Amino acid sequence: MEEMPKTYDPQATEPEILKKWLDGGYYRRRPGVGDCTVTIPPPNVTGMLHMGHALDDSIQDAIVRQARMAGKSTRWILGTDHAGIATQTKVDKKLKEEGKNRLEMGREKFIDACWDWTHEYGGIIQNQIRRMGCSVDFEGERFTMDPEYAEAVRKVFCDWYHDGLIYRGKRIVNWCPSCTTAISDDEAEYHNEAGHLWHLRYPLTEPVNGQDYIVVATTRPETMLGDTGVAVSPKDPEKAAFVGKTVMLPIVNREIPIFEDWHVDAGFGSGFVKVTPAHDPNDYAMGEAHGLEKINIFDEHAVVVDGYGAFSGMTRDECREAVVAWFEEHGLLDHIEDHEHSVMHCYRCDSTLEPWLSEQWFVAVDKLKGPAIEAVTSGRVRFNADRWKQSYLTWMENLKDWCISRQLWWGHRIPVFYCEDCGWEDALMEDTDVCPKCGGHHVHQDENVLDTWFSSQLWTFATQGWPQRPGELEGHHPTTALVTARDIIALWVARMVMSSEYFLGEEPFRDVVIYPTILAKDGSRMSKSKGNGVDPMALIDKYGADAMRFNLLSLFTNNQDVKFDADIDKKTHEFLGSPRTEQAKAFVTKIWNASRFLLMNMEGYTPGAPRVETPADAWMMSRLAKTVAAVTEGITGYTFGDVARTIQTFFWNEVCDWYVEVTKSRLKDDAARLQAQRNLIFVLDTSLRLMHPLMPFVTEAIWDAMPASWLDVDPETGEARRAEALMVAAWPNPADYAQYVDEKGERAFALACAVVTDVRSTRARYRISPKEALAVSVRAHGGDAAAAIESMGAFICSLANVSDLAVAVEDAAEKPAGSIALAGPDFDAFVVVGDLVDFAAERARIEKAIAKAQKELAGAERTLANEGFIAKAAPEVVAAKRERAAELAADVERLTAQLADLS
RNA sequence: GGGCGUUUGGCUCAGGGGCAGAGCACUUCCUUCACACGGAAGGGGUCGCUGGUUCAAAUCCAGCAACGCCCACCA
């Protein structure tokens, strides 16, 4: 046996363990009974992992490691997402720093630059995941732009196109006139800006109630050139008279109708809204509803198109000034007020975005949403909290057709080909430059690429050989669990369900595990711009991967947000420390040290089964059995916060603080030593297995330090059957441990602990040095308690080793001279303190205890006197209350006697 | 505007109709041969507010307040 170093050094040990795992091939997809397949939500290749990923991956690794140990066939698939717009933006930025420009380079070279980027950052992400200890199959790494994946994406597009689920249509997009591309809603940046609300007069074609004009309020007067209607609120009685009338639009002299629409807020502006369907999303919706013409007044550079006289050729800003000037000149400018409103800007060049009508591709969701709703309502797909199910269903029910085209270069190009000669158009699995209809050579492919979510919706099956090798999915789809953040339930989770139901006729995963969002210490969202984010690698550097993982998992409660307590230097944004991760590291150290102690005391050890020989063993084995059950249930039920707490309390407070301490004396006793060693090793071994999925490194390192011949010994042959690594060792089966559950044994031990604690308390109260021995005798109150105390005698004496008690446990009929009495549950303990007794202090203590007991007793008696309680409360609750009241009454009596004794 | 969440000791948070909990911090004691990243003993809370349901409410319901997150919108 190698000597374990005195302190555990994660920085030195973790790489060694990692090497062992990787060399051993343990990460590979493993055969087994039952299945656990998890696909890692693909991080964007745009940079480093953040805290959300670190939590996400810690959860998945815990799930996968437990399943692997439990003998299931595990497959954890790693991959990254090309993240169209996000990556393109990053690459654009990088090129700009190099003095280059996408438009000058051309599409092909730009895509090459994106691939370079992908390879560089994909590698970084892979290394980070490896460092966290995640046992993914690194050899099967996937990328959403791999050739096979691309084929899957193309097939989905073509199938939906031919099945009539994909169509082309006009839609308002956020158009950047300077980059000449559409920007998705998600990537547009909103800024609040001080602007104006211009109140313009539109002349009525015939007077209404003596009025010959109405006033519309607008923040964008230049768009009035494209107005095709005026809307009022249906809830605005004052405007009812105007509905159905028309106004003559100034400048362009177009007669446009006044109508009612729910979009209009009667209380805002003038109550009349000018409607420009081609240049505003709401106006577009109103235009659709009321059959209005959509007039595009801007070209792709946001310059006014021909046909508007002097206004044609003006930019948006010039046009705005000119329009306002025109209205003023003609006496139609009613008034101007200041108005702050939010304006969308291009994330790249910061230009003001123009809502612009353009041709886009859509997925019709009507046929897809039904099965996707059913998958969740039927329970085939489960969420780990009902509220996420609700938000999924709400989103699904309000789902509108999905715009899947993006005016980008980096991504899956839409596989639709057009013939310029004969007008043929089709979606094809193979590129073509010849028209299959007319044989012409003027064929071109659609310039748009697909929304990133269009490709990631296939993640659970396109990563597993679909459509090329359908057999590969066998037994691994539906996947076991999808672990992800709640903000992509709609964007990703829902779409995965839709596509999987459509193409495979089954759900993509059985469980959706939504974990809390990790916020900064002050409760705000971590973001790059605020510089309040924490790099998980900085945490690993400082505390080790196990500490980071354990702390993150302990934060996984059923709350929707959690604050991460990291201190960050406000100026340099440098990571300074995280107290909770530090505590987690202390726990890792504790595990190491306890194990080290046990291994130092194993001289003469030979393998053998555990056996309950002492009350402490009975208690420990019972606690162990319950912990095995709780941890197994917790990991498979995804309640990781509970699991972390259960494990820490068990190992630290029960194993270390009591069991190991109590067992020390048996290690010194030749007759008892071997069985004590066997029991300790059994408890340690089981504990290591239970803790492994959460803290893989330290547990594996300790396992490594234990000789192979110690564990998993075949009772028949005496041969060791130990697995070569803890990560592939057998998971403790709760059924095998159930035999050790012993409620009576647990109560008996708790009783003995109470005696010990009372004695220690006395020592502290009288400031009796630990060096000074104390004589203690105990009087049990009959029955079980007497038996417990009697059997506990040796145990309590054994504590003399650690707490210098000279204990005589006997049926003390008389209170020993010079002693003080301690009342515990079912016993009196007498501690001989001689002339150290401070009568005043002792009296005060007992009086306080009496007061407390009496207060609770009074409450209990009040409850018992309540007829309603007796009649309606559950019988066992009533019985428990009666018992408690009796106990309290006895306590009061005993304490009162003690008080009398003192005087 | 809609949805969701949170409010429990100084701090961070569990719990979830029947005795108010943990860790950290704090106080006292202990460097005894696993661990001071440790051990032992303590102090500290009207469970956000107001009502309701119930024999019984920190817990369930309603309303309110504060904080936060998500989604939508801002003519």
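Source: prediction; values computed, not measured. So that the names make sense, note that chain A is the first sequence line, chain B the second, and so on, each numbered from 1.
Taking atom P on both nucleotides, B:rG23 is separated from B:rA14 by 16 Å, rounded to a whole Å. Straight-line distance between the C1' atoms of B:rC11 and B:rG16: roughly 23 Å, to the nearest whole Å. A distance of about 7 Å separates the C1' atoms of B:rA58 and B:rU8, rounded to the whole Å. Taking atom C1' in both B:rA20 and B:rU28, one finds a spacing of 25 Å when rounded to whole Å. Look at the C1' atom in both B:rU46 and B:rU59: the space between them is 15 Å, to the nearest Å. Taking atom C1' in both B:rU53 and B:rC70, one finds a spacing of 33 Å when rounded to whole Å. Look at the P atom in both B:rA41 and B:rG68: the space between them is 42 Å, to the nearest Å. One P atom belongs to B:rU6, the other to B:rA62, and the distance between them is 14 Å to the nearest Å.
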Please list, for nucleotides 26-30 of chain B, all pairs of protein and nucleotide N/O atoms separated by less than 3.5 Å.
none

Would you tabulate the pairs of protein nitrogen or oxygen atoms and nucleotide nitrogen or oxygen atoms of nucleotides 16-18 of chain B closer than 3.5 angstrom?
none

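One can place CZ of A:F587 at 13 Å from P of B:rC24, the figure rounded to the nearest angstrom. A:L393 places its CG atom 22 Å from the P atom of B:rC70, with the value rounded to the nearest Å. Remark: C1' of B:rC71 and OH of A:Y392 are 17 Å apart, rounded to the nearest angstrom. In this entry the distance linking CZ of A:F597 with P of B:rA36 reads 14 Å, nearest Å. Rounding to whole angstrom units, CZ of residue A:R525 and P of B:rC71 are separated by 8 Å. Rounded to whole angstrom, the span from the CD1 atom of A:I172 across to the C1' atom of B:rC73 amounts to 15 Å. Here the C1' atom of nucleotide B:rC69 and the CG atom of A:D561 are 5 Å apart, to the nearest Å. As rounded to whole Å, 9 Å separates atom P of B:rU12 from atom NZ of A:K521.
Salt-bridge formation is not detected for the pair A:K521/A:D565: no Lys NZ or Arg NE/NH1/NH2 atom is positioned less than 4.0 Å from an Asp or Glu carboxylate oxygen. Salt-bridge formation is not detected for the pair A:R882/A:E887: no Lys NZ or Arg NE/NH1/NH2 atom is positioned less than 4.0 Å from an Asp or Glu carboxylate oxygen. A salt bridge does not link A:K542 to A:E582: none of the charged side-chain nitrogens sits closer than 4.0 Å to a carboxylate oxygen.
Within the 4.0 angstrom heavy-atom criterion, no nucleotide atom of any strand lies near A:D283. Across all strands, A:D565 comes closer than 4.0 Å to no nucleic acid atom at all (heavy-atom distances). Using a 4.0 Å heavy-atom cutoff across all strands shown, A:R486 reaches sugar-phosphate atoms only and no base atom. Within 4.0 Å of A:V264, counting heavy atoms only, lies at least one base atom of the nucleic acid. Counting any heavy atom pair closer than 4.0 Å across all strands shown, A:T757 reaches sugar-phosphate atoms only and no base atom.
Listed by chain and number, the residues in a side-chain contact (heavy atoms from CB on, under 4.5 Å) with A:C403 are A:R171, A:Q360, A:F362, A:S405, A:R406 (sequence neighbours excluded). Residues satisfying the salt bridge (Lys or Arg N to Asp or Glu O under 4.0 Å) criterion with A:R495, sequence neighbours excluded, are absent altogether.
The distance from the CD1 atom of A:I172 to the CG atom of A:N282 is 10.0 Å, given to the nearest 0.5 Å. A distance of 11.0 Å separates CD in A:E337 from NE2 in A:H196, rounded to the nearest 0.5 Å. A distance of 10.5 Å separates CG in A:D546 from CZ in A:F550, rounded to the nearest 0.5 Å.
Not one side-chain nitrogen or oxygen of A:S391 sits closer than 4.0 Å to the OP1 or OP2 atom of B:rC71. The side chain of A:T394 contributes no N or O atom lying less than 4.0 Å from OP1 or OP2 of B:rG3. Here A:W652 reaches the OP1 or OP2 of B:rG39: one of its side-chain N or O atoms lies under 4.0 Å away. The phosphate of B:rC13 (OP1 or OP2) has a side-chain N or O of A:K563 nearer than 4.0 angstrom. A sub-4.0 Å separation between OP1 or OP2 of B:rA22 and a side-chain N or O of A:T649 is absent.
Of all nucleotides listed (B:rG42, B:rG39, B:rA34), B:rG42 comes nearest to the side chain of A:S761. Proximity note for A:N559 (side chain, C-beta onward) versus B:rC69, B:rC37, B:rU6: the nearest is B:rU6. Nearest to the side-chain atoms of A:Q560 among the listed nucleotides B:rA41, B:rC37, B:rC4 stands B:rC4. Nearest to the side chain of A:N593, among B:rC69, B:rA34, B:rG38, sits B:rA34.
No side-chain donor-acceptor contact under 3.5 Å links A:E260 to the backbone of A:A231. The closest donor-acceptor contact from the side chain of A:N551 to the backbone of A:A547 lies at 3.5 Å or more, if one exists at all. At least one donor-acceptor pair closer than 3.5 Å links the side chain of A:D283 to the backbone N or O of A:T276.
Residues from residues 577-586 of chain A lying near RNA chain B, meaning a heavy-atom separation below 4.0 Å, are A:R580, A:Q583, A:K585, A:A586 in numerical order.
Taking the side chain as every heavy atom from C-beta outward, A:M286 and A:L292 never approach each other to under 4.5 Å.
Residue A:Q11 qualifies as enclosed at atom CD: its count of foreign heavy atoms under 6.0 Å is above 12.
Summary of the strand contacts: A:C656 and A:N282 both lie near RNA chain B, and taking for each the nucleotide with the nearest heavy atom, the more 5' one is attributed to A:C656. Remark on RNA chain B: of its neighbouring residues A:Q648 and A:G271, the 5'-side contact belongs to A:Q648, judged by nearest-heavy-atom nucleotide.
Close placement of the A:F272 and A:F242 rings is indicated, their centers lying within 6.0 Å of each other. Aromatic rings from A:W592 and A:Y8 are positioned such that their centres are separated by under 6.0 Å.
For the residue pair A:S554/A:R645, the side-chain donor-acceptor check at 3.5 Å is not satisfied.
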Quiz item: In dot-bracket notation, what is the pairing pattern of RNA chain B, taking Watson-Crick (N1-N3 plus N6-O4 or O6-N4) and G-U wobble (N1-O2 and O6-N3) contacts under 3.5 Å, with [ ] crossing and | for other strands?
Solution: (((((((..((((....[..)))).(((((.......))))).....(((((..]....))))))))))))....
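Using a 30° and 60° split on the angle between ring planes, A:W652 and A:F587 fall in the parallel class, below 30°.
No hydrogens or angles were tested; on distance alone, nothing pairs the side chain of A:K590 with the base of B:rC37 as donor and acceptor under 3.5 Å.
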